[in-house]
Amino acid sequence: MELSGAEILVHCLKDEGVEYLFGYPGGAVLHIYDALYNQEEVKHILVRHEQAATHAADGYARATGNPGVVLVTSGPGATNAVTGIATAYMDSIPMVVITGQVATANIGSDAFQEVDSVGITRPCVKHNFLVKDINDLAETIKKAFYVATTGRPGPVVVDVPKDITDPNIKIPYVYPQSVQMRSYQPVTKGHPGQIKRAVELMLSAKKPMIYTGGGVVLGNAAEPLRKFVSTLGYPVTSTLMGLGSIPWDDQQFLGMLGMHGTYEANMAMHDCDVLIAIGARFDDRVTGKIAEFCPHAKIVHIDIDPSSISKTISVDVPIVGNVADVLNDMNQLLSASKTKPDQTALTDWWNIINGWRAKKCMSYDRNSDQIKPQAVVEMVHEITNGDAYVTSDVGQHQMWAAQYYGFSKPNRWINSGGLGTMGFGLPAAMGVQLAFPEETVICITGEGSIQMCIQELSTCLQYGLPVKIVALNNRYLGMVRQWQEFFYQNRYSHSYMESLPDFVKLAESYGHVGIRIERVEDLRPKLEEAFAMKDRLVFLDIVTDQTENVYPMIAQGKAHNEMHMSPYCDLPQDPERELS
Amino acid sequence: MRHIISILIENEAGALSRVAGLFSARGYNIESLTVAPTEDASLSRMTIVTTGTDRIIEQITKQLNKLVDVVKLMELSEGPHIEREMMLIKVKAATMDQRDDVKRLSDIFRGHIIDVTASTYTIELTGAGSKLDSFIEALSEHKILETVRSGVSGIARGEKCLQLN
């Protein structure tokens, strides 16, 4: 079969089983767009901005586990995509981004819409390629998918100059069955000796703690993790990225840890004697002050990426491997082991933890005459039976969504954890909704974030995506305002927007339903009304308490046992007072 | 503190900038970096001299290994090894005294005078970086017009090799 470069590219995507291609046409990719015409296997989704194409592909990837695929043109198409590529890179999301490039002969001549895409994306991709010969095209695409989806996943960019896709130059097409790269051989199985050492250390613990992260979700390891956790009977916490791996209401689950983690999770981290880190990378939002991180603990760390191990925190038993495989190996060792966890010590440890739990750190004012953002999220959980796919943007609403939605399954909580990209939520929700047309997909956002990719309301109309947008509208860039309140003596520098659009009319002008909720008593009926509209996108503009803060909070550079607490829980509010 | 890392890397456009970019993005030091193709034209060999605590060096080697183009890596300074650097140095040598003294110093350091004019000598000198430093110091009485150094290349002693399996 003789095909042009453009046709080869489209055939590669088909052969790779690509369902959706998120993109935006332009000069350098016109040949490819022509090859996409009149074929139905690869469904192209036309976004309104290239950033949204990458976020949508990213959301699709996070929800399905399959790589997200993007096609954008050269120059501004590629630079617009960079934010989404960096977002995926920070959270290790498998993605293949095809960028058009000016013709090979024009590269380096400052041609129209030319930018060094390979150079610009180099620091925020797992790998990137420039295709210089049509004969390398199919193999390069195969390599791109292989690299993106194996080992620690990540985005891969393939830059394709326009002459490579010339419809007049045809070559025989064969899609490689597999690909070998001598320079890239990711490890999967963990070292048996290390696994044995880790299990021995775990079983010797008096105050154990399990700390899980996004690697569990990415590595499809929730099932072996649940078995591991219940076999040991140890307390478990999760990072923002790992939520859902352990059900939120599991008795052993202490909630999220870190900057906005629960009191019990952070205190247990601080006091534990053995820490088992699984697919988590000791991010600064998790560790707080490095020098006082888990000061009493021996640490086991399971991660597929050797460079994650001992990067910020030195560990005692490193295990490099696929999280699911390592956990399966550990589960086998545990069931065969004659040594069992020290039940007496464990009972004492749980008593301490339950004391912390009893402080009810997640309390907030439930009798307020203003709508509390936490109450909105809890109610959304209730109405959707806690079973929706929830995307978010970045800021206070993101933390409230993480804290109060209550996830029971992995891959349901979709947010930009590493890069913290405002504008992620709506396009990501489009990707999720396309993947799961029958499921409820919610974008919990704020009036600040939603405006960063609001144009995608138009894409949602075009493809009939009934996303439910829950905008917690506090007329502030809430997280910025909170930091200004805590650390800048209430100097609210540019964290207030005085000219917000009428979101209801805005939604309507895009052909969707808009609902504003201003009164506490309207919250439930209007949320119910919105979620009952299964086939419509509904924009819920919810006017919430302007002054609400996210609690608990560990200030940057503070330790896990130094938290600001909600005034409504049974703990002193200020960490300084608590310590003195 | 000072470490020499040798890597075999795919000989492809952009490979060098991946390594250089990694060092600048993560704030690692590069004292010198040399790169050239090997006997196998598809592979380049790179020698990087860097400084840092053991912890940083461990991260550097892990991050380098993580680059998809890096085929193999060896930390040369972990074991017995040979390092060599080449320097070309142009010195003012106008009077008989200057010419005699520069020639004498060059001989002591086993350098070769490879270019001569009425007023200059150009010397080629090979050795470990510290030897080149000493030579420059020894020439302090003289007017150095130009120096160019290749950066360090290194190889492990004995049977140990950095090669494909």
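Being a predicted model, the structure only gives us computed values, none of them experimental. So that the names make sense, note that chain A is the first sequence line, chain B the second, and so on, each numbered from 1.
Interface residue A/Ile309: backbone and side-chain heavy atoms are both found under 4.5 Å from chain B. Contacts between A/Arg122 and chain B at a heavy-atom distance below 4.5 Å involve the side chain alone, from C-beta outward. Only the side chain of A/Asp305 comes within contact range of chain B, judged by heavy atoms closer than 4.5 Å. With a 4.5 angstrom heavy-atom cutoff, B/Ser24 does not touch chain A via any of its atoms. Using a 4.5 Å cut-off between heavy atoms, B/Leu8 does not touch chain A at all.
Annotation: side chain of B/Leu43 is in contact with side chain of A/Arg182 (closest heavy-atom distance under 4.5 Å).
Atom NZ of B/Lys92 sits in a sparse spot, with 12 or fewer heavy atoms from other residues, nucleotides or ligands closer than 6.0 Å. No more than 12 heavy atoms of other residues, nucleotides or ligands sit less than 6.0 Å from atom NZ of B/Lys90. Other residues, nucleotides and ligands contribute more than 12 heavy atoms inside 6.0 Å of the NZ atom of B/Lys62. Heavy-atom neighbours of A/Lys298 NZ from other residues, nucleotides or ligands within 6.0 Å: at or below the threshold of 12. More than 12 heavy atoms of other shown residues, nucleotides or ligands fall within 6.0 angstrom of atom CG in B/Leu162.
The closest donor-acceptor contact from the side chain of A/Ser183 to the backbone of B/Val70 lies at 3.5 Å or more, if one exists at all.
For chain A, the option among B/Glu10, B/Glu12, B/Arg18 with the highest count of heavy-atom pairs below 4.5 Å is B/Arg18.
Heavy atoms only, all atoms of each residue included: A/Ser310 and B/Arg55 are closest at O-NE, 3.4 Å. Looking at every heavy atom in both residues, A/Lys132 comes nearest to B/Ala13 through NZ-CB, 3.8 Å.
For residues 146-166 of chain A, heavy-atom neighbours of chain B at less than 4.5 Å comprise A/Val147, A/Arg152, sorted by residue number.
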